[in-house]
Amino acid sequence: ARQIDLENQTWLAALLVQYGMALQLLALLLLVFAADAYSRVLAGAMCAAGAFMANPFGMPALFVKLTGLFFYGFWLVLHRLDILSEHLPLTRIKFSALLFLAPLLAADVALVFFYLFGLSPDIITSCCGVVFSPGAGDGRNLVGPLPVFALMSGFYSLAVGLLLLTMVLLTRNSTRPSRGELMLNAVYGLSFAGFFILSLVVITAVISSYIYAMPAHRCPFDILQREYNYIGYPLYLALIGGSFAGISAAGSAFCAGLPGLAEPVRRFRRLALRSVLLLLPLFLLIASWSPLLYLLTGGER
């Protein structure tokens, strides 16, 4: 009876986390939409960037909510792998992880609360031209002057390296990874985390200017608007999906040695790595389209 009760608690917790992740994804979209709407009543704001900078809690709320998606998603991966083994070897680990997710969720809720209740129409905030200014700012700009050539060289080099490493890991997807393979997976996961952060900087500092066809206009939020064909949605979804697939493929490799998980982990990693090979090139194609258009045709068409 106690075993059945514990299993019921496991399924209940998983169900709550699944709903929580879905609501967090919806809440992330709603927060961006709301900030864009607030920009119409906040003095100085012209898009969501200015609205998020209207008080000190806006940007942290956005970053925490985005970071939480990865942690919530990986918990679901652990749960899915756990129930595929009759030994349930990850039960203790995944429930211990909930002790970390709870403060993260509390911080998320608190930051959004303080951000929303700290807004006022009398606030004078900054537009995205200041927040993401290519020149030296007044201390409030988030992305200052950057070496574009070095930034883009590192971006594409890391992307190509990750694609090559993905194919290597796909061919060496064994049920019992060696110590060397585990180290390779650790490097792979950390590299994908770095690539995700670098991609957000590149989208803001370089790619967005080509999408807007205005060298001085740099903003990661306006590309979600109808005026730019909502190109930001497939761009960000491909980036987030590909990054999550790569990081989860790397992290799950460390679970292959647990009882009953060798084959489930191998199947999951094969699916995740194949997803990377689909989503990462898609992200690179979308991100490179507007710059290539300018390089090949000399302007917007």
Side-chain angles (χ1 to χ4, degrees), residues 28-29 31-33 35-36 39 45-53 59 62-63 66 126-135 137 141-164 166 191-246 275-301:
L28 175 61
L29 294 175
L31 182 63
V32 175
F33 291 153
D36 186 65
S39 65
M46 299 184 66
C47 67
F52 279 123
M53 292 294 290
M59 282 298 179
L62 178 63
F63 292 150
L66 181 60
S126 302
C127 68
C128 55
V130 175
V131 175
F132 303 106
S133 172
N141 59 319
L142 297 182
V143 180
L146 295 171
V148 175
F149 179 78
L151 187 67
M152 298 305 291
S153 298
F155 171 71
Y156 283 110
S157 298
L158 185 54
V160 172
L162 285 172
L163 285 173
L164 294 176
T166 301
S191 298
F192 239 120
F195 177 76
F196 177 74
I197 298 174
L198 177 61
S199 296
L200 295 179
V201 175
V202 167
I203 291 172
T204 303
V206 181
I207 302 299
S208 63
S209 297
Y210 289 95
I211 295 175
Y212 304 135
M214 296 178 63
H217 189 184
R218 308 196 311 172
C219 180
F221 298 104
D222 282 344
I223 58 177
L224 300 171
Q225 303 299 321
R226 182 178 61 183
E227 291 83 353
Y228 305 103
N229 302 313
Y230 304 107
I231 193 174
Y233 289 101
L235 181 70
Y236 286 127
L237 288 176
L239 173 60
I240 294 173
S243 299
F244 176 75
S275 299
V276 171
L277 292 179
L278 173 64
L279 293 173
L280 183 54
L282 177 61
F283 165 70
L284 293 174
L285 177 63
I286 298 173
S288 304
W289 174 253
S290 294
L292 281 175
L293 187 66
Y294 267 77
L295 291 176
L296 295 177
T297 66
E300 186 182 20
R301 295 291 185 270

Which heavy atom in [X] sits nearest to a heavy atom in [Y], and how many Å separate them?
X: S191; Y: L158; value: O-CD2, 4.1 Å
X: I207; Y: P291; value: CD1-CG, 3.8 Å
X: Y228; Y: D222; value: CD1-O, 3.2 Å
X: A35; Y: A51; value: O-CB, 3.0 Å
X: G242; Y: V276; value: O-CG2, 3.7 Å
X: G241; Y: L279; value: C-CD1, 3.5 Å

(request) Just do the side chain to side chain contact (heavy atoms under 4.5 Å, CB included) check on T204 and C219 with the steps written out, would you? (result) CA-CA 5 Å; T204 303; C219 180; over 6 Å; no
State the [atom1]-[atom2] distance between [X] and [Y], to the nearest 0.5 angstrom.
X: S209; Y: Y294; atom1: OG; atom2: OH; result: 9.5 Å
X: L235; Y: L285; atom1: CG; atom2: CG; result: 10.5 Å
X: L62; Y: L28; atom1: CG; atom2: CG; result: 6.5 Å
X: I240; Y: L66; atom1: CD1; atom2: CG; result: 5.5 Å
X: I211; Y: L293; atom1: CD1; atom2: CG; result: 11.0 Å
X: L224; Y: I231; atom1: CG; atom2: CD1; result: 10.5 Å

(request) Verify whether the ring centers belonging to F195 and F155 lie closer than 6.0 Å. (result)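 Ring centroids of F195 and F155 are less than 6.0 Å from each other.
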Does [X] reach the main-chain N or O of [Y] with its side chain, forming a donor-acceptor pair under 3.5 Å?
X: R218; Y: A205; answer: yes
X: S243; Y: F196; answer: no
X: Y156; Y: L284; answer: no

(request) Measure up the F33 and Y233 rings against each other and bin them: parallel (under 30°), tilted (30 to 60°), perpendicular (over 60°). (result)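 Tilted.
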(message) Classify the ring geometry of F221 against F52: parallel below 30°, tilted from 30° to 60°, perpendicular beyond 60°.
(response)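 Taking F52 first and then F221, their aromatic rings sit tilted (interplane angle of 30° to 60°).
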(request) Apply the test side chain to side chain contact (heavy atoms under 4.5 Å, CB included) to residues I223 and Y230: give CA-CA distance (whole Å), side-chain angles for both, the deciding distance (0.1 Å), then the verdict. (result) CA-CA 6 Å; I223 58 177; Y230 304 107; over 6 Å; no
(message) Checking Y210 against L292 for the side chain to side chain contact (heavy atoms under 4.5 Å, CB included) test, could you report, in this order, the C-alpha distance in whole Å, the side-chain angles of both residues, the deciding distance, and whether it holds?
(response) CA-CA 9 Å; Y210 289 95; L292 281 175; over 6 Å; no
(request) Would you please test L151 and L198 for side chain to side chain contact (heavy atoms under 4.5 Å, CB included) and show each step? (result) CA-CA 8 Å; L151 187 67; L198 177 61; 3.6 Å; yes
(request) Please examine the side chains of L200 and Y236, heavy atoms only from C-beta on, and report whether any two atoms are closer than 4.5 Å. (result)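 Yes. Closest side-chain heavy atoms under 4.5 Å.
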(request) Using distance alone, with no hydrogens and no angle criterion, decide if Y212 and S290 have a side-chain donor and acceptor under 3.5 Å apart. (result)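 Judged by distance alone, the side chains do not pair up.
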